[in-house]
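Everything numeric in this text was worked out from a predicted model, so none of it was measured. Just follow the structure's listing: the first ligand is 1, and inside any ligand the first atom is 1.
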Amino acid sequence: MPPEADPPENMLRLYNTLSRSEEPFEPSRGNTVRMYACGPTVYARAHIGNFRTFVCVDVLRRTLKHLCGYEMHEAINYTDVDDKTIAGAQNAGVSLRDYTDELIRLFRQDAEQLGIEAPEETPRATDEANLRAMGDMILALERNGHTYRRDGSTYFKIATLPQYGRLARLDPEGIRAGARVDNDEYSKDDARDFVLWKASKPDEPSWDVGAGPGRPGWHLECSAMALRLLGGPPIDIHAGGVDLIFPHHENEIAQSEGATKEPFARFWMHIEHLLVENEKMSKSLDNFYTLPAVLARGYRASALRYLLLSSHYRKQLNFTWAGMEQAEESLRRIGDFLARLETVSAGGTYPAAVEAIEKARSSFAGALTGDLNTAAGLAAIFDLVRDINAAIDAKAIGRVDADAARRAIDDFDCVLGVVTLRRAEDAQPPVPVEEIERLIEERRAARGRRDFAAADGIRNSLAERGILLEDNAGGTRWKRK
Ligand code: AMP
Ligand code: ZN
């Protein structure tokens with residue numbers, strides 16, 4: 001018998017919530033991975049807990065691209081209509097579109113600062129083509145006998161789908177205590193049923209795509225956009241935070257499978273929460289930080305990215321300022337190491353150095369393709385730093401080896417994206433130079449008129465933004481914190 005073909009060297013093993021086990025992953029159609037992650041509800045600025053999920057999804061994306069060699073077709077949506085976005089726009093006295101436009105802009109800005117690659121698709125629920133896809137999905141569900149209407153709204157009847165509850169492993173009674181349940185006030189046949197299309201109240205935005213005037217339910221948005229944009233079913237990977245397993249993802253499966261009679265997604269990836277003092281970071285608990293709040297404490301976005309990806313995505317991560325400090329320190333060590341590599345000038349090459357680099361490459365690839373074990377991947381990098389530093393101390397390293405070590409770190413960083421981000425930050429101070437100079441001048445003028453409160457205010461606000469002022473005989477100089 002011919003021997004079984006070996007899997008490709010860098011085949012990813014990914015934990016699949018559907019089977020509760022790690023499985024080898026390959027795309028189902030050619031070399032392109034079709035992946036969907038539930039994006040932010042744009043009613044407030046995203047917090048760094050949300051960004052833990054998006055940074056981990058980004059690490060998955062980069063691993064699939066750079067270590068496994070696949071092309072990506074990824075979608076992350078914006079939920080730009082729901083009770084909270086509507087209330088936010090009404091409170092601000094602007095249109096829903098204007099309100100969510102601004103929050104989407106801020107999300108993109110934060111995501112870019114955190115080195116998150118832009119996905120190929122970033123659909124908005126209220127884009128016309130998406131609303132039409134939602135209308136079509138409701139029609140298909142109606143045809144297949146999965147819906148009913150009440151008071152102008154359309155519901156999904158869970159009793160019509162025997163496989164309901166497979167992802168969340170629900171007991172037949174359905175609803176787990178404490179899970180995030182639809183808090184709609186509409187009457188339903190069964191408490192487990194969920195709304196597909198909500199009849200609009202008089203002062204609410206409304207669309208008619210075949211199910212009467214109203215707006216889409218949250219679950220419907222994701223099913224319709226994923227299938228419309230990624231050409232399923234089944235799509236390869238569906239991702240999100242663990243809080244979405246039930247009911248959101250269970251309901252996405254019900255809608256997609258009820259409409260298409262095909263499996264919806266092959267792999268379900270769920271990221272554990274970022275905690276603060278052992279509670280989930282969330283808007284409702286008011287225990288959250290945004291990226292600007294972290295930057296205002298003088299930390300860099302690269303350090304936050306490092307922290308968010310430094311522990312395994314299936315473990316909870318407790319956010320602390322000491323953790324931020326350590327992340328800054330770890331990044332500084334890598335930066336110092338790269339600078340030290342530049343000092344190597346000896347010719348030749350040394351087998352021990354070559355071996356250390358090879359070992360680091362294989363440990364890193366093994367760690368990341370082993371269900372994205374980023375912690376082990378970082379350990380491989382710091383082993384390399386220690387081994388090569390020892391080689392430099394012992395003068396047992398040549399220029400060729402130093403270049404190979406630098407290339408290895410660059411390759412690791414294609415996946416982690418922290419060193420590149422730091423370089424970009426170094427090239428650009430957190431406050432534009434012209435603004436710093438203008439503020440120094442304003443502060444000098446304030447001191448001249450003995451308005452020390454104003455002068456101190458300028459100094460403190462710059463310090464919060466990561467710029468320190470130093471006064472000496474020649475005037476005032478600035479430097480990064
Ligand atoms: P939302 O805007 O609430 O729909 O959340 C956007 C994404 O962030 C979802 O995938 C959530 O599961 C995820 N998320 C929310 N809070 C946290 C947290 N504390 N840690 C990690 N992910 C979170
Ligand atoms: Zn979703």
Greater than 12 external heavy atoms within 6.0 Å of [X]'s [atom1]:
| X | atom1 | value |
| --- | --- | --- |
| Arg166 | CZ | no |
| Gln163 | CD | yes |
| Glu112 | CD | no |

Among [options], closest by any non-hydrogen atom to [atom]:
| atom | options | result |
| --- | --- | --- |
| atom 11 (C) of ligand 1 | Asn287, Asp82, Asp243 | Asp243 |
| atom 8 (O) of ligand 1 | Leu274, Leu308, Asn50 | Asn50 |
| atom 23 (C) of ligand 1 | Gly49, Ala37, Gly39 | Gly49 |

Would a line drawn from the ring center of Tyr289 to the ring center of Trp321 be shorter than 6.0 Å?
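Between Trp321 and Tyr289, which both carry aromatic rings, the centre distance is below 6.0 Å.
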Under 6.0 Å between ring centres: does that hold for Phe107 and Phe51?
yes
Between Glu272 and ligand 1, find which residue part has any heavy-atom pair under 4.0 Å and reply side chain, backbone, both or neither.
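It is the backbone that touches ligand 1; the side chain stays farther off.
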Which is it for Leu244 and ligand 1 at heavy atoms under 4.0 Å: side chain, backbone, both or neither?
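The side chain, only.
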Would you say His47 touches ligand 1, if touching means a heavy atom closer than 4.0 Å?
yes
Ser282 to ligand 1, any heavy atom closer than 4.0 Å
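No.
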Report, in ascending order of atom number, the atoms of ligand 1 lying under 4.0 Å from any heavy atom of Thr53.
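Answer for ligand 1: 10 (O), 13 (C), 21 (C), 22 (N), 23 (C).
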Go through ligand 1 atom by atom and flag the ones less than 4.0 Å from a non-hydrogen atom of Met281.
16 (N), 18 (C), 19 (N)
Classify the ring geometry of His238 against Phe264: parallel below 30°, tilted from 30° to 60°, perpendicular beyond 60°.
perpendicular
Angle class for the His248/Trp218 ring planes (parallel below 30°, perpendicular above 60°, tilted otherwise)?
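Plane angle under 30°, so parallel.
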Is the shortest side-chain heavy-atom distance between Tyr78 and Leu103 below 4.5 Å?
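Counting from C-beta outward, Tyr78 and Leu103 never come under 4.5 Å.
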Output, in order, the C-alpha distance, side-chain angles, deciding distance and verdict of side chain to side chain contact (heavy atoms under 4.5 Å, CB included) for Ser153 and Lys188.
CA-CA 10 Å; Ser153 294; Lys188 305 186 239 180; over 6 Å; no
Could you walk me through whether Leu67 and Leu12 pass side chain to side chain contact (heavy atoms under 4.5 Å, CB included), step by step?
CA-CA 9 Å; Leu67 281 177; Leu12 175 65; over 6 Å; no
Does any N or O atom in [X] lie less than 3.5 angstrom from one in ligand 1, N or O only?
| X | value |
| --- | --- |
| Pro40 | no |
| Gly241 | yes |
| Trp218 | no |

Looking at Arg406 and Leu338, what are the two nearest heavy atoms and their distance?
CG-CD2, 4.1 Å
For the Zn ion (ligand 2), state how many protein N, O or S atoms fall inside a distance shorter than 2.8 Å.
4
Between Arg97 and Asp127, does any side-chain N to carboxylate O distance fall below 4.0 Å?
yes
